[in-house]
Every structure is written in C-alpha cells, then in structure tokens.
Amino acid sequence: MGNQKNETATFAGGCFWCTEALFLELKGVEKVVSGYTGGAVTNPTYAQVCEGTTGHAEAIEIKFNPDLISYEDLLEVFFATHDPTTLNRQGADVGTQYRSEIFYHSEAQKKAAENFIQLLNDQNIYGKKVVTKISSAKVFYEAEDYHQNYYNRNKNQGYCMAVISPKLDKLRKNYKSKLK
C-alpha cells in the first residue's frame, strides 16, 4: 500500500459483511475495512452498535487507486448493490445502524455523491426517492477482527449463502469489467 495516490471512500449500506465482500472484488480497490462511523460513542462495540443507540452505522472504509477505479464507479456499485430508498433498513436488518449513508472525504466526493443521487432521482431508477444521506467523514472505528473479510471466511454460513452470495453473483454478472 505504498501508493500515495490512494484515496478513501466510506459507505454505509446495511450490513457491512455484504458491502465489504462486494467491494473487495473490484479492480483498484486495495483494502476494505468493516467498521462503525457517524455516531457519538468512542470505540463502540458490535453489540452496542447493534442496539442502535450509539448513532453509528455499520460501514466500510475503502482504500482505492483512482487511476484504476473512479469514485463514481464505487458510487455506481454502492447504489446497485443495496436499496437506497429504505430509511434505516436493508432487507431484514432494521435500525439506524443499517442506514444508507455516504461519508465524503473531499468536496469532490461530496459533489459526486450529490450528482449521482440527483441522477438516480431524476431518472426515477428505483421508482421512489433515494434517502441516502451524504455527510462529512467522521471518525471510523474498525470493527472487531471476526467481522473483517467475513464473507470469504464464512461462505457456507446461512446468512452468507442466502444474502451475500446472490449479491456477489449480481455484481459479477453486471460489473465484469470492473472486477479483479
């Protein structure tokens, strides 16, 4: 990771096991870390975040090489792989910790996210309004070790087979040119 050109993107799109697995497959993505951001408690635990009282979202921090994959490409995959129209929920996961939120690291990222959401809404891609929040990046707390690279270490677990595998299949089918 000696590349000084790497940038950071931080997305919350429901369960971080799902989002991490997807972004790890993309060309130009050097590293993906699961964690918590956007809340008020210092060093929250998974149990605390699951209670929904800390204000944190389950999120991923992506280190990427902008020469190999653009921030807009990351936004495209982010919006194509979760439901950005449901407030504080993704599928069966309900609570503010599962909200759809983009935490930008620069004015350029903020503008790109705003433009992307505007485009999705203008074209009525989902049939309803995108509720994804756009916020300035906050302190990112790395989740416990057992959450890192969760899908690749637990592929045969029920949740992984039922929820994550189909999302990966869709990603592999629709974004072949962007995969490692």
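Within the structure, ring pair (Phe, Tyr, Trp, His ring centres under 6.0 Å) contacts touching residues 104-131 (residues at least two apart or in different chains) are Phe79-Phe116. Residue pairs meeting the ring pair (Phe, Tyr, Trp, His ring centres under 6.0 Å) criterion with at least one member in residues 159-180, sequence neighbours excluded, are Trp17-Tyr159. Pairs of residues two or more places apart, or lying in two chains, that qualify as salt bridge (charged side-chain N to carboxylate O under 4.0 Å, His left out) and include a residue from residues 112-130 are Lys111-Glu114. Note on residues 13-25: pairs passing salt bridge (charged side-chain N to carboxylate O under 4.0 Å, His left out), not counting sequence neighbours, are Glu25-Arg172. Applying the salt bridge (charged side-chain N to carboxylate O under 4.0 Å, His left out) definition to pairs two or more places apart or across chains, none involves residues 135-149.
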inquiry  = side-chain contact (heavy atoms from CB on, under 4.5 Å), that's the test. Do Ile102 and Lys133 meet it? Break it down for me.
reply    = CA-CA 6 Å; Ile102 295 166; Lys133 283 177 62 179; over 6 Å; no
inquiry  = One pair to check against side-chain contact (heavy atoms from CB on, under 4.5 Å): Val77 and Leu26. What are the steps and the verdict?
reply    = CA-CA 9 Å; Val77 170; Leu26 298 175; 4.1 Å; yes
request  = Carefully, step by step, assess Phe64 and Asn6 under the rule side-chain contact (heavy atoms from CB on, under 4.5 Å).
outcome  = CA-CA 5 Å; Phe64 69 100; Asn6 279 351; 6.0 Å; no
task = Take Thr132 and Ile117, measure what side-chain contact (heavy atoms from CB on, under 4.5 Å) needs, and give me the verdict at the end.
result = CA-CA 8 Å; Thr132 305; Ile117 290 172; 4.0 Å; yes
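Residues that satisfy the ring pair (Phe, Tyr, Trp, His ring centres under 6.0 Å) test with Tyr141, not counting sequence neighbours, are His56. For Glu72, there are no side-chain hydrogen bond (donor to acceptor under 3.5 Å, both in side chains) partners two or more places apart in sequence or in a different chain. Residues satisfying the side-chain contact (heavy atoms from CB on, under 4.5 Å) test with Ala12, not counting sequence neighbours, are Ala57, Ala59, Glu101, Phe103. Every salt bridge (charged side-chain N to carboxylate O under 4.0 Å, His left out) that Asp73 has, sequence neighbours left out, goes to Lys178. Considering only residues two or more places apart in sequence or on other chains, Phe23 meets the ring pair (Phe, Tyr, Trp, His ring centres under 6.0 Å) condition with Phe11.
Distance check, rounded to the nearest 0.5 Å: CD of Gln97 to SG of Cys50 gives 6.0 Å. With rounding to the nearest 0.5 angstrom, the OH atom of Tyr98 is 7.0 Å from the SG atom of Cys15. Once rounded to the nearest 0.5 Å, the distance linking OG of Ser136 with NZ of Lys110 reads 8.5 Å. With values rounded to the nearest 0.5 angstrom, Tyr71 atom OH is found 8.5 Å from Ile62 atom CD1. To the nearest 0.5 angstrom, Leu75 atom CG is 10.0 Å from Asn115 atom CG. Rounding to the nearest 0.5 angstrom, the gap separating the OG1 atom in Thr37 from the CZ atom in Phe16 is 12.5 Å.
Clustering ILVMFWY residues whenever any of their side-chain heavy atoms sit less than 4.5 angstrom apart, transitively, puts Ile125 in the very cluster that holds Phe78. Each of Val33 and Val29 belongs to its own hydrophobic cluster when Ile, Leu, Val, Met, Phe, Trp and Tyr are linked at side-chain heavy-atom distances under 4.5 angstrom.
Side-chain atoms of Arg89 never come within 3.5 Å of backbone atoms of Thr86 as a donor-acceptor pair (strictly under, hydrogens ignored). Using a distance-only test at 3.5 Å, with no hydrogens or angles considered, no donor-acceptor pair links the side chain of Glu61 to the main chain of Val32. Checked by atom type and distance alone, the side chain of Gln48 pairs as donor or acceptor with a backbone atom of Thr45 at under 3.5 Å.
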Quiz: residues 161-171 side-chain donor-acceptor pairs under 3.5 angstrom, not counting sequence neighbours:
| from | atom 1 | to | atom 2 | distance (Å) |
| --- | --- | --- | --- | --- |
| Ser165 | OG | Tyr151 | OH | 2.9 |
| Ser165 | OG | Cys160 | O | 3.3 |
| Lys167 | NZ | Thr81 | O | 3.2 |
| Lys170 | NZ | Ala80 | O | 3.1 |

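Considering only heavy atoms from C-beta on, Leu24 comes within 4.5 Å of Asn152 through its side chain. With a 4.5 Å cut-off on side-chain heavy atoms, Leu179 and Lys27 do not count as touching. Side-chain contact between Tyr36 and Thr54 is absent, with no heavy atoms from C-beta onward closer than 4.5 Å. With contacts defined as side-chain heavy-atom distances shorter than 4.5 Å, the pair Val41/Thr53 does not qualify.
In the displayed structure, Lys180 atom NZ is contacted under 6.0 Å by more than 12 heavy atoms of other residues, nucleotides or ligands.
Closest non-hydrogen pair, His82 versus Ser100, comes out as NE2-OG, 2.8 Å.
If you chain together ILVMFWY residues whose side-chain heavy atoms come under 4.5 Å of each other, Val94 ends up in a group of its own.
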